[in-house]
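Note sheet for the following structure.
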Amino acid sequence: MPSLKDLKNRIGSVKNTRKITKAMQMVAAAKLRRAQEAAEAARPFAERMTAVMTGLAGSVGSSESAPRLLAGTGSDKVQLLVVMTAERGLCGGFNSSIVRLARAHAAKLLAEGKTVKILTVGKKGREQLRRDLGQHFIGHVDLSEVKRMGYPVAQGIARDVLDRFDKGEFDVATIFFARFQSVISQIPTAQQVIPAVFEGEGEVSSLYDYEPSEEGVLADLLPRGVATQIFTALLENGASEQGARMSAMDNATRNAGDMINRLTIQYNRSRQAAITKELIEIISGAEAL
């Protein structure tokens with residue numbers, strides 16, 4: 001049974017931990033507000049751009065003049081997985097959920113005899129995937145120095161991916177990230193970006209005249225579309241990370257409070273038992289006299 005001194009030290013230690021988790025919760029809440037606003041502001045632009053490209057892709061179809069980013073290489077043998085996670089932990093299951101989805105996707109592709117290549121964005125995903133999929137790594141993007149996510153960061157990642165595609169290093173590229181829904185809900189998402197996949201109805205291209213041609217405009221928009229999808233994913237990840245961290249730190253603060261209450265009760269009982277024992281010894285000594 002721990003001594004009164006040990007219990008008092010443990011109570012003090014947990015109280016200090018609670019102060020830290022509470023401070024981290026408040027910081028995450030402030031960052032979440034900005035990150036959520038950025039993610040929500042980017043969605044209309046991404047949706048509008050996708051609608052325009054969907055309409056153009058529907059007009060171009062599978063013609064021989066279709067851009068390579070739309071038509072693909074004609075094969076899906078080599079798959080590139082771009083796994084986007086955070087640089088830091090202490091955000092609940094945020095990183096693990098993305099890695100779990102990417103790992104399951106990689107396992108499925110490998111079982112089908114496909115070649116898998118992995119580009120990691122963020123330290124935590126790389127750390128978790130290194131053990132069983134490290135031999136498939138082809139690159140890493142360090143975001144530790146990025147204080148505020150901007151479009152140039154996404155452009156840099158997109159340029160790397162597009163250059164690899166132009167060199168014939170892969171046939172299909174899929175990005176993995178967490179789509180922000182709420183503070184307690186972040187949805188792990190896999191989204192194919194190369195070749196471009198469009199769902200639903202887009203802008204009716206017959207209403208517009210395109211110069212030099214629909215194929216030419218689409219060929220120019222598709223690389224921008226890849227960068228926009230990556231940028232949107234990074235913003236969604238940023239909001240999801242802060243939401244998950246805020247929720248995790250709130251749970252940690254609550255758990256610390258519960259532990260302090262339990263330790264305080266144990267301390268008071270031990271102290272009462274010690275006082276009672278001393279009184280008994282005093283009374284017994286007095287009776288002996």
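None of the values given here were measured: they were computed from a predicted structure.
The closest donor-acceptor contact from the side chain of K117 to the backbone of E169 lies under 3.5 Å. A side-chain donor-acceptor contact under 3.5 Å links Q192 to the backbone of P195. Side-chain N or O atoms of S13 include none that pairs as donor or acceptor with a backbone N or O of N9 at under 3.5 Å. Here the side chain of D250 pairs no donor or acceptor atom with the backbone of M246 at under 3.5 angstrom. For R100 (side chain) and N95 (main-chain N/O), no donor-acceptor pair under 3.5 Å exists by modelled atom type. Panel note: side chain H136, backbone V116; a donor-acceptor pair is recorded below 3.5 Å. The closest donor-acceptor contact from the side chain of T85 to the backbone of V83 lies at 3.5 Å or more, if one exists at all.
Tested against E236, the residues Q36, Q186, Q181, R43 include a single side chain to side chain donor-acceptor pair (under 3.5 Å) partner, R43. Among V226, T73, L80, the single residue meeting the side chain to side chain contact (heavy atoms under 4.5 Å, CB included) criterion with F165 is T73. For the side chain to side chain donor-acceptor pair (under 3.5 Å) test with T253, the passing option among T21, D258, T17 is T21; the others fail.
Here CZ of F176 is found 10.0 Å from CG of L129. Values are rounded to the nearest 0.5 Å. With rounding to the nearest 0.5 angstrom, the NZ atom of K77 is 10.5 Å from the CG atom of L109. With rounding to the nearest 0.5 angstrom, the CD1 atom of I265 is 12.5 Å from the CD1 atom of I260. Rounding to the nearest 0.5 Å gives a distance of 9.5 Å between CG of L222 and CG of L162. Note that CE of M26 and CE of M249 are 14.5 Å apart. Values are rounded to the nearest 0.5 Å. Here the straight-line distance linking atom OG1 of T228 with atom CZ of F45 works out to 4.5 Å at 0.5 Å rounding.
Tracing side-chain contacts under 4.5 Å through hydrophobic residues (I, L, V, M, F, W, Y), one never reaches I11 starting from I20; they form parts of separate clusters. Both L133 and L101 are assigned to one and the same hydrophobic cluster, defined by single-linkage of ILVMFWY side chains at heavy-atom distances under 4.5 Å. A continuous path of ILVMFWY side-chain contacts below 4.5 Å connects V82 to V146, so both sit in one hydrophobic cluster. Under the 4.5 Å side-chain heavy-atom criterion for ILVMFWY residues, a single connected hydrophobic cluster contains both V161 and V153. Under the 4.5 Å side-chain heavy-atom criterion for Ile, Leu, Val, Met, Phe, Trp and Tyr, V78 and L81 are members of distinct hydrophobic clusters.
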**OP:** Assess whether side-chain contact (heavy atoms from CB on, under 4.5 Å) is satisfied between L143 and M149, documenting all intermediate values.
**Re:** CA-CA 9 Å; L143 300 178; M149 191 59 62; 4.1 Å; yes
Original post:
Are S96 and Q128 close enough, and set up right, to give a side-chain contact (heavy atoms from CB on, under 4.5 Å), and what steps lead you there?
Top reply: CA-CA 8 Å; S96 298; Q128 293 188 36; 3.6 Å; yes
Original post:
Please walk me through it: do D76 and K114 pass salt bridge (charged side-chain N to carboxylate O under 4.0 Å, His left out)?
Top reply: CA-CA 8 Å; D76 62 350; K114 306 286 175 52; 3.4 Å; yes
Subject >> Working for side-chain contact (heavy atoms from CB on, under 4.5 Å), residues D171 and Q79 >> reply: CA-CA 6 Å; D171 302 308; Q79 302 260 346; over 6 Å; no
Original post:
Please walk me through it: do T174 and V193 pass side-chain contact (heavy atoms from CB on, under 4.5 Å)?
Top reply: CA-CA 6 Å; T174 305; V193 293; over 6 Å; no
**OP:** Decide salt bridge (charged side-chain N to carboxylate O under 4.0 Å, His left out) for E127 and K124; before the verdict, give the C-alpha distance in whole Å, the side-chain angles of both, and the deciding distance to 0.1 Å.
**Re:** CA-CA 5 Å; E127 288 178 351; K124 289 301 175 181; 3.5 Å; yes
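Geometrically, R262 does not engage Y267 in a cation-pi contact defined by less than 6.0 Å to the ring centre and at most 45° from the axis.
For L4, the CG atom sits in a packed shell: over 12 heavy atoms of surrounding residues, nucleotides or ligands are nearer than 6.0 Å. Under a cut-off of 6.0 angstrom, the local environment of CD in Q135 is crowded, with over 12 non-hydrogen atoms contributed by other residues, nucleotides or ligands. For R254, the CZ atom is loosely surrounded, since the number of other residues' heavy atoms within 6.0 Å does not exceed 12.
For G257 against R18, the heavy-atom pair with the smallest separation is CA-NH1, 3.8 Å. When all heavy atoms are compared, the tightest approach of A178 to S240 is O-OG, 3.0 Å. Taking both residues in full, the closest heavy atoms of R164 and I138 are given as NH2-O, 3.4 Å, listed atom of the first, atom of the second, then distance. Residue F94 comes nearest to A244 through the heavy atom pair CB-CB, 3.7 Å, listed as atom of the first residue, atom of the second, then distance. In terms of heavy-atom proximity, A196 sits nearest to L70 at O-CD1, 4.0 Å. In this structure, L119 and H140 approach most closely via the heavy-atom pair CD1-N, 3.7 Å.
Residues R88 and K123 are not in side-chain contact: their nearest non-hydrogen atoms beyond the backbone lie 4.5 Å or more apart. For the pair I187/F180, no side-chain contact is recorded, criterion being any heavy-atom separation below 4.5 Å from C-beta on. Annotation: side chain of N237 is in contact with side chain of I98 (closest heavy-atom distance under 4.5 Å). T115 has its side chain out of reach of L110: every pair of non-hydrogen atoms, C-beta onward, lies at least 4.5 Å apart. For the pair E87/E145, no side-chain contact is recorded, criterion being any heavy-atom separation below 4.5 Å from C-beta on. Contact of the N255 side chain with the M259 side chain is not registered, since no non-hydrogen atoms from C-beta on lie closer than 4.5 Å.
Salt bridge D132/R103: present, at least one basic N to carboxylate O contact under 4.0 Å.
Ring-plane geometry between F231 and Y151 is classed as perpendicular, the angle between the planes exceeding 60 degrees on a 0 to 90 degree scale with a lower cut at 30.
Evaluation of the side chain to side chain contact (heavy atoms under 4.5 Å, CB included) rule for R10 yields L263 as partners, not counting sequence neighbours.
In the model, T264 has no side-chain atom that pairs as donor or acceptor with a side-chain atom of N261 under 3.5 Å.
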